[in-house]
Amino acid sequence: MAAASEPHEPEKKPFKLLGILDVENTPCARESILYGSLGSIVTGLGHFLVTSRIRRSCDVGVGGFILVTLGCWFHCRYNFAKQRIQERIAREGIKNKILYESTHLDPERKTKSSNSS
């Protein structure tokens, strides 16, 4: 009965870009899209200020968006994968430290006993 008296919150629908990319839950997606948008504006406006050709500047802006978004995406995903590998190695090291501590398999115990001999 307690659940019935609480107000029901509507489920929050995730924001999907073009219906396929869940920007809120995909790592690096939000930053890549934002930097790509900024890159699009900078390249398109810069090309327009230099050449004063509207259509060509729009094409350069779209190209800038694609290049900056993909560059940012790959850089961020690479760093994300590298960080996950480092976390996994640290987690395994901690697990082994807990598992082998104070046993005959403990590497620190072997080094201490060999130094005292």
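Quick caveat, the model's predicted, so the values are computed rather than measured.
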Peer 1: For the atom pair OG1 (Thr69) and CG (Leu38), what is the distance rounded to the nearest 0.5 Å?
Peer 2: 10.5 Å
Peer 1: Near Ile54 CD1, under 6.0 Å, is it more than 12 heavy atoms from other residues, nucleotides or ligands?
Peer 2: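 Not more than 12 within 6.0 Å, no.
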Peer 1: Nearest 0.5 angstrom please: Asp59 CG to Thr43 OG1, how far?
Peer 2: 11.0 Å
Peer 1: For the atom pair CZ (Phe65) and CD1 (Ile33), what is the distance rounded to the nearest 0.5 Å?
Peer 2: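 Reported value, rounded in 0.5 Å steps: 4.5 Å.
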Peer 1: Considering only heavy atoms from C-beta outward, does the side chain of Val62 approach that of Ser40 to under 4.5 Å?
Peer 2: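 With C-beta onward as the side chain, the pair stays apart.
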Peer 1: Running the 4.5 Å side-chain criterion over Ile, Leu, Val, Met, Phe, Trp and Tyr, what cluster does Tyr35 land in, apart from itself?
Peer 2: Val68
Peer 1: Quick check for you: to the nearest 0.5 Å, what is the distance between Arg84 atom CZ and Arg91 atom CZ?
Peer 2: 8.5 Å
Peer 1: Please answer: with hydrophobic residues joined when any side-chain heavy atoms are less than 4.5 Å apart, are Ile66 and Phe74 in the same cluster?
Peer 2: yes
Peer 1: Enumerate the residue pairs fulfilling disulfide bond (SG atoms under 2.5 Å apart) with a member in residues 29-84, sequence neighbours excluded, ordered by first and then second residue.
Peer 2: Cys28-Cys76
Peer 1: Measure the CZ-CG distance between Arg77 and Leu70 for me, rounded to the nearest 0.5 Å.
Peer 2: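 Atom-to-atom, Arg77:CZ and Leu70:CG are 13.5 Å apart.
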